[in-house]
Amino acid sequence: MIKTKQETIEQAISFFDEGYACSQSILLAFAEDFNIDANMAKLISSSFGGGMGRLRQKCGALTGGFMVIGLAFGNTYPKDMETKLNAYKKVRELNKQIEDIHGVTDCSDLLKKNVTKEEVEERKHHAIICRNVVADVAGVLFEIIEQSRMNSNIK
């Protein structure tokens, strides 16, 4: 079944609302499209939430998105530099588009910009900013993949 952009966004948000990490929510929303077992997707992406294991570095939704880019555009042969570099280009494209929307892409910066320390301690940041970033990453990622499908450049 081919999902629409809105269905993909809603699915990612639904996973997030269930309690999955931002990284898991993104990978799970796209897993079926790439024949990835949902349980395997959960495990692979489980430690990337909170800016990679709550290190508050690169946003977990983005790292989940980077995993999907690997599925869509990644290389399987180590010397296939053209494919590898194209995937890296897609990572930078996703990162830039999310940075254009939110101003920053590191978890700590997103939190500082949008919520108070108290809101983080009370776990309110999920509803205030993280849910929005999950939706934005899912939507932008869908567009990147769809554009490549239309150009017949995707595997």
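Given the structure is predicted, the values throughout are model-derived calculations rather than measurements.
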Out of T83, L85, N86, which one pairs with N75 under the side chain to side chain contact (heavy atoms under 4.5 Å, CB included) rule?
T83
If you look at every heavy atom in A21 and F16, which pair is closest and at what distance?
C-CD1, 4.2 Å
Taking atom types as modelled, is there a side-chain donor on E143 or Q147 under 3.5 Å from an acceptor on the other?
no
Should the pair D17-R131 be classified as a salt bridge under the 4.0 Å nitrogen-to-oxygen rule?
yes
Within a 6.0 Å radius of atom CD on E122, are there more than 12 heavy atoms belonging to other residues, nucleotides or ligands?
yes
May I ask you to say whether K96 pairs ionically with D100, meaning some side-chain N is under 4.0 Å from a carboxylate O?
yes
Quick one, R56 and L110 - any side-chain contact, counting heavy atoms below 4.5 Å?
no
Looking only at heavy atoms, which two atoms of A61 and I26 are closest? And how far apart?
O-CG1, 3.6 Å
List the residues meeting side-chain contact (heavy atoms from CB on, under 4.5 Å) with T116, not counting sequence neighbours, and say none if there are none.
E118, E119
Around atom NZ of K124, are there more than 12 heavy atoms of other residues, nucleotides or ligands at under 6.0 Å?
no
Find out whether the Lys NZ or Arg CZ of K5 is both under 6.0 angstrom from the six-membered ring centre of F142 and within 45° of the ring's axis.
no
Go through the side-chain N and O atoms of H102 and D136 and say whether any donor and acceptor fall under 3.5 Å apart.
yes
